[in-house]
Every structure is written in C-alpha cells, then in structure tokens.
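Right, one structure below, let's go through it.
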Amino acid sequence: MKRSRTAEIAGLVLFLALCLGIGALGAAVTASSVKAWYADLNKPPFTPPDEVFGPVWTVLYIMMGIAAWRVWRVADRETAQGPLTMFALQLALSLGWVVAFFGLERTGSAVAVILVFELAVVSTALAFRPIDRLAALLMVPYALWVGFAAVLNIAIWRLN
C-alpha cells in the first residue's frame, strides 16, 4: 500500500512510541522491585548483570517497532490486520509478564505468561514473514531474548 512520506514517517514514529511506551511502563513497574525483591532472589549463575536488561530491551523495542511499521507500510489493511493484531497481543503479553514477575512478584505465574508470550512473539514473526521478510528477521533477536528470559524465569522460580 502506497502512503505519503509524511504518513510513513508518522507511522514509524507511532510504532516506535508504542513499543518504547510499553517498555517505559515495564521499566516503571520493574524499578522498585529490582533494588529490593529481585535483588534478594536466588538466581542462576547465567543471570546477566542488572545493567544489561534496560539497553537490551530498548534495542529490542526499537527493532519491534520498525518490524511492525514495515508490515503496516507495505501491506493493505486486510493483510496487515491479523499480523498487527498478533503484534499488539505479544506487546501486551510483554507488559503482562513484567507485571506478573516484577509487579506482583509471582515468579510461577510469570512462567505461564512468558511461555505464552514467547509463542506470541514467534507467531508474530511467522505472520510478518510473508508480508516483509526483514520485519520477520527483526523479530528473531526478540524471540531469542524472550526465550532466554523464559529460561531465566523458570530457573528463578525453581530456585526460590
């Protein structure tokens, strides 16, 4: 679908703002428990330093925003609707996992959320692929990171 340059730029800004906004909400939920509750948990030896998470999530949210924008940019409304709905679902699950893990401090419930979250991310990448291969590829690091976060979440749940 052909859009004006202004519409394309506005779309990119909106997708990035949406993803980074969800990231900011998640960071707000995380902020208080990282220094207190999370710091006191038993963690596996492969746990990255706390300083790694913010930059990694920020880069991943930017990549996701670009991926969704690319799908929105090239597909007609009907073609993009399903994949972008899946994208919105996985974005909501991203925030849901943060709330379950850090906000509610429920590591077991967070395991259930992150497993569904991972499936949603992979499904989104697969839905993006026929529309825009690069959009699908931009979702791969995110899927790998969420998979790693799932393993970490499971290990923390088991250790505590």
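- Residues I66 and V59 fall within the same hydrophobic cluster, defined by Ile, Leu, Val, Met, Phe, Trp and Tyr side chains chained together at heavy-atom separations under 4.5 Å.
- For the pair A143 and V122, the tightest heavy-atom approach, listed with the atom from each and the gap, is CB-CG2, 4.2 Å.
- Transitive grouping of hydrophobic side chains (ILVMFWY, heavy atoms separated by less than 4.5 Å) brings V151 and V146 into a common cluster.
- When all heavy atoms of A155 and F46 are compared, the pair lying nearest together is CB-CZ, 4.0 Å.
- A heavy-atom distance below 4.5 Å is not found between the side chains of L138 and F128.
- With K43 contributing its side chain and Y38 its backbone, the two residues share a donor-acceptor pair below 3.5 Å.
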Could you check F101 against W37 for ring-ring contact (aromatic ring centres under 6.0 Å, His included), going step by step and ending with a plain yes or no? CA-CA 11 Å; F101 190 91; W37 170 79; 5.4 Å; yes

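- In this structure, L60 CG and L144 CG are separated by 9.5 Å, a value rounded to the nearest 0.5 Å.
- Once rounded to the nearest 0.5 Å, the distance linking CG of L134 with CE of M63 reads 8.5 Å.
- The shortest non-hydrogen separation linking V29 to S33 is O-OG, 4.3 Å.
- In this structure, CG on L115 lies 5.0 Å from CD1 on I154, to the nearest 0.5 angstrom.
- Separation of atoms OG1 (T47) and CG (L152) is listed at 4.5 Å; rounding is to 0.5 Å.
- Put simply, the side chain of P44 reaches to within 4.5 Å of the side chain of I156, judged on heavy atoms.
- Other residues, nucleotides and ligands contribute more than 12 heavy atoms inside 6.0 Å of the CH2 atom of W145.
- By the rule that hydrophobic residues join a cluster once side-chain heavy atoms approach within less than 4.5 Å of another member, L126 and V116 end up as members of separate clusters.
- Follow the hydrophobic side-chain contacts under 4.5 Å out from V74 and you never reach V13; the two are in separate clusters.
- Within the 3.5 Å criterion, the main-chain N or O of V71 finds no donor-acceptor partner in the side chain of D132.
- Residue L14 is found outside any hydrophobic cluster, as its side-chain heavy atoms come under 4.5 Å of no other Ile, Leu, Val, Met, Phe, Trp or Tyr.
- Taking each heavy atom of P141 and L137 in turn, the nearest pair found is CD-O, 3.3 Å.
- Taking CH2 of W57 as the start and CE of M64 as the end, the distance is 8.0 Å to the nearest 0.5 Å.
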Going by atom type alone, with no hydrogens or angles, which donor-acceptor pairs under 3.5 Å involve a side-chain atom of residues 78-95 and a protein atom two or more places apart or on another chain?
residue	atom	partner	partner atom	Å
T79	OG1	D76	OD1	3.1
T79	OG1	D76	OD2	3.0
T85	OG1	Q81	O	2.7
Q90	OE1	Y142	OH	2.7
Q90	NE2	F87	O	3.0
S94	OG	Y61	OH	2.7

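- Annotation: the span from L119 atom CG to I114 atom CD1 amounts to 11.5 Å, rounded to 0.5 Å.
- Cluster membership check: V99 shares its hydrophobic cluster with F53, using side-chain heavy-atom separations under 4.5 Å among Ile, Leu, Val, Met, Phe, Trp and Tyr.
- Of the possible polar contacts, none joining the W72 side chain to the L12 backbone as a donor-acceptor pair under 3.5 Å is found.
- Closest approach of R73 and R3 over heavy atoms only: O-NH1, 3.5 Å.
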